[in-house]
Number of protein chains: 2
Amino acid sequence: MGEVLQPVEEAVSDTIASRVVAALREEIVTLKLKPGDAISESDIAARYGISRQPAREAFIRLAQQGLLLIRPKRATVVKKISADGVRQSRFIRESIEVEIVRRVAGAHLPETKEALKAIIADQEAASEIEDVHGFHELDELFHRTLARLAGVEYAWQLVDDHKIQLDRVRYLTLGVASQKRAITEHKAIVAAVAAGDAAGAEAAMRAHLARAEVLLGQTIAEHPDYFEAEEDEPAEGETV
Amino acid sequence: MGEVLQPVEEAVSDTIASRVVAALREEIVTLKLKPGDAISESDIAARYGISRQPAREAFIRLAQQGLLLIRPKRATVVKKISADGVRQSRFIRESIEVEIVRRVAGAHLPETKEALKAIIADQEAASEIEDVHGFHELDELFHRTLARLAGVEYAWQLVDDHKIQLDRVRYLTLGVASQKRAITEHKAIVAAVAAGDAAGAEAAMRAHLARAEVLLGQTIAEHPDYFEAEEDEPAEGETV
DNA sequence: TGCCTCCATCTTCCATACAAGATTGAAGGC
DNA sequence: GCCTTCAATCTTGTATGGAAGATGGAGGCA
């Protein structure tokens with residue numbers, strides 16, 4: 001299972017700080033807190049009716065997850081999205097998921113085909129009734145299931161942690177039409193995997209993930225203020 | 001450069017907590033703090049002559065890195081090494097590094113060959129004078145340089161963060177003879193990359209990384225107490 | 001008008017005190 | 001002798017007060 005090795009999100013139990021982490025994380029991904037927004041320990045403490053200490057610890061954890069930027073003695077801001085960072089997150093994801101489908105294709109497990117097809121069927125149903133949130137969750141389940149079949153569920157955990165960078169971009173581009181294309185691509189992946197065609201599965205997965213590239217350019221054009229300046233130097237002399 | 005997106009190690013500047021993180025991290029990797037050892041905030045605070053607060057924040061960060069396990073209201077212990085976690089860290093590393101050498105082989109950059117050959121030459125020198133630490137650092141530089149040439153240095157950052165799990169294992173098996181083999185394998189990688197042979201580079205990289213597998217089994221046999229019980233269930237009902 | 005200086009006010013960082021759950025071992029009853 | 005119970009003493013979690021640095025605007029000066 002999720003077992004062992006930094007679950008990154010929650011390495012600790014049910015505490016005030018943990019709840020604040022979850023709440024802020026949600027606000028950041030859904031852009032209720034926008035990239036560049038400044039928040040302070042006192043703000044958050046007052047807002048949740050707690051003391052500054054748990055708020056501070058939440059900041060630390062979110063900073064490690066790359067969502068906040070703590071500028072010592074100055075302020076803490078919601079990190080702007082880095083185009084290069086998004087590209088490299090995608091690189092990481094593609095590297096790992098390609099390796100995953102290869103493994104699954106080579107393993108010839110009996111339950112593979114049925115498990116994946118069931119998820120796709122649910123996705124089609126969710127798409128019918130325009131359940132955006134449900135569709136999103138099923139998409140996640142599809143990829144996590146592949147990881148499980150490959151025996152590397154923790155590796156997916158990692159991809160998932162970094163996917164949050166991609167998720168903020170995706171939240172800006174809620175393409176409803178793209179759901180049908182995603183389903184088609186999922187089917188192609190399953191077909192190749194079930195046939196034991198590793199090369200075909202790899203190609204299908206790469207095609208599936210390639211879409212994000214165009215979305216990124218499009219999003220930068222529409223919301224340039226949410227992204228970091230694309231210079232070579234870190235712009236400000238901040239601690240990174 | 002290192003730019004953006006959770007540098008995971010240090011998302012914050014020069015502070016007491018940061019220094020404690022670095023110090024403890026070092027002690028954990030070098031096994032001065034052994035897997036299973038219990039430490040407390042008060043211990044560390046007293047040891048470094050600071051208050052509990054910075055020590056506590058250091059714990060939080062190290063827990064997120066998967067090096068500590070915080071058991072609320074009970075104790076904080078150095079996390080035992082998980083054999084499955086090590087395997088999956090290796091999986092992650094192989095996935096990403098294979099993709100990297102493919103890219104570099106396909107890019108045909110002029111400086112590639114010289115840069116890598118220079119590092120290998122330094123490694124041979126370090127091996128001659130039995131500079132173990134220097135050799136280790138050059139090995140790291142070799143792989144990081146490949147990532148830089150591929151334009152995904154941040155992705156290497158990620159591998160590096162997870163490599164710490166492998167490093168604890170490696171610290172237990174300081175094979176001097178294996179240095180020569182590592183150098184030979186590095187040369188094979190460079191040869192394939194410089195020739196633009198993506199498939200050959202991939203194969204060479206996989207062969208290079210495969211060695212860790214045998215080391216793991218060997219190490220578990222020698223130091224079973226440093227590893228987690230290999231059951232299916234998390235053994236204790238702890239928060240993971 | 002334009003520039004420099006200083007101070008009120010913000011921020012994060014650290015120290016300290018207290019609260020509450022978990023553990024351990026000893027004392028008491030059987 | 002063995003089991004149960006409970007209390008002293010660990011642990012981490014939270015609250016609060018103060019310190020040091022950074023910021024920005026007001027006010028003085030050329």
Side-chain angles (χ1 to χ4, degrees), chain A residues 6-7 9-24 33 36-79 234-240, chain B residues 6-7 9-24 33 36-79 234-240:
Chain A
Q6 67 248 58
E9 317 210 6
E10 297 314 308
V12 89
S13 74
D14 181 46
T15 166
I16 293 183
S18 298
R19 284 196 291 275
V20 174
V21 166
L24 288 180
L33 279 175
D37 280 2
I39 58 182
S40 81
E41 297 173 358
S42 314
D43 280 350
I44 302 301
R47 175 130 62 99
Y48 288 92
I50 58 176
S51 90
R52 278 166 22 226
Q53 204 55 41
R56 169 176 175 74
E57 295 179 2
F59 281 18
I60 293 175
R61 284 156 69 177
L62 289 168
Q64 278 208 331
Q65 294 179 21
L67 295 178
L68 294 182
L69 177 64
I70 299 175
R71 302 192 298 175
K73 308 290 177 70
R74 256 166 292 178
T76 296
V77 300
V78 178
K79 209 160 185 176
E236 307 176 53
E238 306 302 345
T239 305
V240 180
Chain B
Q6 67 248 57
E9 317 211 5
E10 296 316 306
V12 90
S13 73
D14 181 45
T15 164
I16 293 184
S18 297
R19 285 196 289 276
V20 174
V21 166
L24 288 181
L33 280 175
D37 280 2
I39 57 180
S40 80
E41 298 172 357
S42 314
D43 280 350
I44 303 301
R47 174 130 64 100
Y48 288 91
I50 58 177
S51 94
R52 258 188 56 212
Q53 207 55 43
R56 172 176 173 76
E57 294 177 3
F59 280 19
I60 293 175
R61 285 156 69 177
L62 290 168
Q64 279 206 332
Q65 295 179 20
L67 294 178
L68 294 182
L69 177 63
I70 299 174
R71 302 192 298 175
K73 309 286 179 71
R74 255 166 292 178
T76 296
V77 300
V78 178
K79 210 160 185 176
E236 307 178 53
E238 306 302 346
T239 304
V240 180

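Chain naming here is simple, since letters A, B, ... match the order of the sequence lines and numbering starts at 1 in each. Quick caveat: nothing in here was measured; it's all calculated off a predicted structure. Atoms considered below: every heavy atom in the structure, side chains included; atoms not considered: hydrogens, waters and symmetry mates.
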* To do: Please lay out, stage by stage, how B:Gln53 and A:Glu57 fare under the test side chain to side chain contact (heavy atoms under 4.5 Å, CB included).
  => CA-CA 10 Å; B:Gln53 207 55 43; A:Glu57 295 179 2; 3.7 Å; yes

* Asked: Do any N or O atoms from the side chain of B:Thr15 and from the backbone of B:Ser18 form a donor-acceptor pair under 3.5 angstrom?
  -> no

* Asked: Between C:dA19 atom P and A:Ile16 atom CD1, what is the distance in whole Å?
  -> 15 Å

* Go through C:dC14, D:dG13, D:dT12 for me and flag the one nearest to the B:Ala17 side chain. => C:dC14

* Asked: Where the side chain of B:Thr15 is defined as all heavy atoms beyond and including C-beta, which of D:dG13, C:dT12, C:dC14 is the nearest nucleotide?
  -> C:dC14

* Asked: Closest to the A:Pro54 side chain: D:dG13, C:dC14, D:dT14?
  -> D:dT14

Could I get a table of every N or O pair under 3.5 Å where one atom is in the protein and the other is in nucleotides 5-7 of chain C?
none

* Asked: Atom CD1 in B:Ile70, atom CD1 in B:Ile60: separation rounded to 0.5 Å?
  -> 6.0 Å

Check nucleotides 16-18 of chain D for protein N or O atoms closer than 3.5 Å to its own N or O atoms and list the pairs.
| from | atom 1 | to | atom 2 | distance (Å) |
| --- | --- | --- | --- | --- |
| D:dT16 | O4 | A:Gln53 | OE1 | 3.3 |
| D:dG17 | O6 | A:Arg52 | NH2 | 2.7 |
| D:dG18 | O6 | A:Arg52 | NH2 | 3.0 |

* To do: Starting at atom CZ of A:Arg56, determine the distance to atom P of C:dT11, rounded to an integer number of angstrom.
  => 14 Å

* **Nucleotide D:dA22, atom P - distance to CD1 of A:Ile70 in whole Å** => 16 Å

* d(CD1, A:Ile44; P, C:dT11) in whole Å -> 11 Å

* In whole angstrom, give the distance that lies between atom CD1 of A:Ile60 and atom P of D:dT14. => 13 Å

* Asked: If you round to the nearest 0.5 Å, how far is CG of B:Leu62 from NZ of B:Lys79?
  -> 12.0 Å

* Which residues satisfy the side chain to side chain contact (heavy atoms under 4.5 Å, CB included) test with B:Asp37, sequence neighbours excluded? -> B:Leu33, B:Lys34, B:Val78

* Rounded off to whole Å, could you give me the OH-to-P distance for the B:Tyr48 and C:dA15 pair? => 15 Å

* To do: For side chain to side chain contact (heavy atoms under 4.5 Å, CB included), just list the numbers for B:Leu24 and B:Leu67, CA-CA rounded to whole Å, side-chain angles, deciding distance to a tenth of an Å, and then say yes or no.
  => CA-CA 10 Å; B:Leu24 288 181; B:Leu67 294 178; over 6 Å; no

* Structure fact -> With B for base contact, S for sugar-phosphate-only contact and - for none (protein heavy atoms under 4.0 Å), nucleotides 5-11 of chain D reads ------B

* Could you state the atom-to-atom distance from CG of A:Leu68 to C1' of C:dT12 in whole Å? => 13 Å

* **side chain to side chain contact (heavy atoms under 4.5 Å, CB included) partners of B:Glu41, counting only residues at least two apart** => B:Arg52, B:Arg56, B:Phe59

